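These notes are about the structure you will find just below.
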Amino acid sequence: MIDLRSDTVTKPTAAMRKAMAEAEVGDDVYQEDPTVNRLEQRAAEVAGKESALFLPTGTMGNTIGIKLHTEHGQEVICDARAHLLDWELSMVAWFAGCLIRTVDSPDGILHWNAIERHVRRFGPHNAPTACVEIENTHNMAGGTVYPQEVLDDVCDRAHAGGMKVHIDGARIFNAAQASGLDVARIADKADTITFCLSKALGAPAGSLLAGSKSDMDRARLYRKRLGGGMRQAGVLAAAGLIAMEEMPRHLEADHANARVLADGLREMGFDTGAVPTNIVIFDLAGRMEPAAFLEALRQREIRANCIGGSRIRFVTHYDVSRAQCEAALAAVREILA
């Protein structure tokens with residue numbers, strides 16, 4: 001099976017499984033799990049923040065990140081195709097009690113001049129904007145990466161206006177590899193950042209939220225309210241440490257494989273965009289019904305996802321080889337023929 005649905009389908013490596021079996025554990029709700037404590041300390045260092053919190057999922061990380069920076073009845077600005085908006089069960093409304101105000105962008109990159117038009121100040125008729133959310137890399141825009149000067153400018157101007165900035169960095173290590181910057185530099189001016197261990201880094205579960213010590217102390221309470229207080233979580237944190245330390249060096253190969261897919265699809269007449277990281281999106285419009293296309297792939301032991309309308313997404317990851325990418329392209333050519 002060639003599984004291009006998402007980088008969430010990666011399996012833990014042999015080293016991760018060994019570390020999980022041998023992990024030193026304790027009760028993390030009491031902050032007594034030494035492996036979780038090591039993971040959180042290391043994650044804070046990697047993100048360039050004072051503190052970090054281990055969470056079951058990235059959705060929980062974004063939910064808590066927004067809650068930290070807002071009060072009920074305020075607004076949050078994000079891109080119109082943000083994961084925060086479309087794929088997280090409206091948690092900004094349900095948990096934080098805030099309204100999302102969207103900004104359209106062709107490539108998922110929000111510049112301040114686009115954001116500024118949607119910022120609302122406190123007044124008798126306006127709910128004030130409290131937070132700007134940035135997604136880096138941007139999933140539905142095809143894994144695009146923020147230019148650092150754009151991200152820094154958004155943070156500076158948001159802070160000057162009394163707003164906070166949260167980064168959904170589910171694939172921030174992909175952004176780091178593509179940009180040549182380390183994660184701490186990318187997240188330097190943001191108030192909080194969340195990143196996943198279970199996507200491109202290949203751990204079986206877990207995400208980190210990083211920010212100031214006072215924010216993470218509050219975040220720990222929100223985690224408990226959301227049912228995320230875990231006990232002997234060191235068995236997961238052990239895999240997360242390996243994911244964070246050892247797996248980023250494999251991302252360059254994932255990105256190269258995505259470019260192979262993109263090049264092959266362009267030869268077939270598809271517009272895939274630049275493909276800077278590990279996500280390839282193309283549109284079947286006028287060529288084949290998405291359901292029939294996906295079924296034809298499935299019959300050839302290949303899995304992919306439709307992400308709305310007639311758009312198909314391929315995602316490369318540690319468990320997909322160059323040869324498998326080339327086999328997937330051959331299958332697409334055969335199906336379309």
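Keep in mind the model is a prediction, meaning the values are calculated, not measured.
- For the atom pair CD1 of I64 and CE of M216, the computed distance is 8.5 Å after rounding to the nearest 0.5 Å.
- Rounding to the nearest 0.5 angstrom, the gap separating the CG atom in L39 from the CD1 atom in I242 is 11.0 Å.
- Between T129 and H118 there is no side-chain heavy-atom pair separated by less than 4.5 Å.
- Between D28 and R220, the shortest heavy-atom contact is O-NH1, 4.2 Å.
- If you chain together hydrophobic residues whose side chains sit under 4.5 Å apart, L55 and I193 never meet in one group.
- Counting only distance, with no hydrogens or angles, the side chain of N126 and the backbone of P128 share no donor-acceptor pair below 3.5 Å.
- Put simply, the side chain of H166 never gets that close to the backbone of V132: no donor and acceptor are under 3.5 Å apart.
- Checking D191 against H159 by side-chain atom types alone, a donor-acceptor pair falls below 3.5 Å.
- Here CG of L4 is found 6.0 Å from CG of L261. Values are rounded to the nearest 0.5 Å.
- Across every non-hydrogen atom of G229 and V29, the tightest pair is C-CG2, 3.9 Å.
- One N or O on the side chain of E50 and one on the backbone of K213 form a donor-acceptor pair closer than 3.5 Å.
- The CD1 atom of I100 sits 11.0 Å away from the CG atom of D79 when rounded to the nearest 0.5 Å.
- Between the side chains of N62 and T194, no donor N or O sits under 3.5 Å from an acceptor N or O.
- Residues Q232 and V235 come closest through the heavy atom pair O-CG2, 3.6 Å.
- In this model, no donor atom of one side chain and acceptor atom of the other lie less than 3.5 Å apart for T59 and T57.
- By the 30° and 60° cut-offs, the orientation of the rings of F195 relative to F173 is perpendicular.
- Cluster membership check: M140 does not share its hydrophobic cluster with M91, using side-chain heavy-atom separations under 4.5 Å among Ile, Leu, Val, Met, Phe, Trp and Tyr.
- A cation-pi contact, defined as under 6.0 Å to the ring centre and within 45° of the axis, is absent between R287 and F282.
- Of the possible donor and acceptor atoms, one in the side chain of D271 sits under 3.5 Å from a partner among the backbone N and O of G273.
- Annotation: the span from I77 atom CD1 to R101 atom CZ amounts to 8.0 Å, rounded to 0.5 Å.
- Evaluated for a side chain to side chain contact (heavy atoms under 4.5 Å, CB included) with E246, the options H250, R249, M244 yield exactly one hit, R249.
- Partners of D215 according to the salt bridge (charged side-chain N to carboxylate O under 4.0 Å, His left out) rule, which considers only residues two or more places apart in sequence or in another chain, are R218.
- Using modelled atom types and a 3.5 Å distance limit, the side chains of N278 and H317 yield no donor-acceptor pair.
- Applying the ring-ring contact (aromatic ring centres under 6.0 Å, His included) rule to pairs touching residues 126-151 yields nothing, sequence neighbours excluded.
- Residues passing the salt bridge (charged side-chain N to carboxylate O under 4.0 Å, His left out) test with D107, sequence neighbours excluded: none.
- Among I312, L284, D283, the single residue meeting the side chain to side chain contact (heavy atoms under 4.5 Å, CB included) criterion with F270 is L284.
- To the nearest 0.5 Å, atom CE of residue M60 and atom CG of residue L209 are 11.0 Å apart.
- Nearest approach of M1 to I302, heavy atoms of both residues: SD-N, 3.9 Å.
- Residues I167 and L151 come closest through the heavy atom pair CD1-CD2, 4.0 Å.
- With hydrogens and angles ignored, the 3.5 Å screen pairs a side-chain donor or acceptor of K49 with a backbone N or O of A190.
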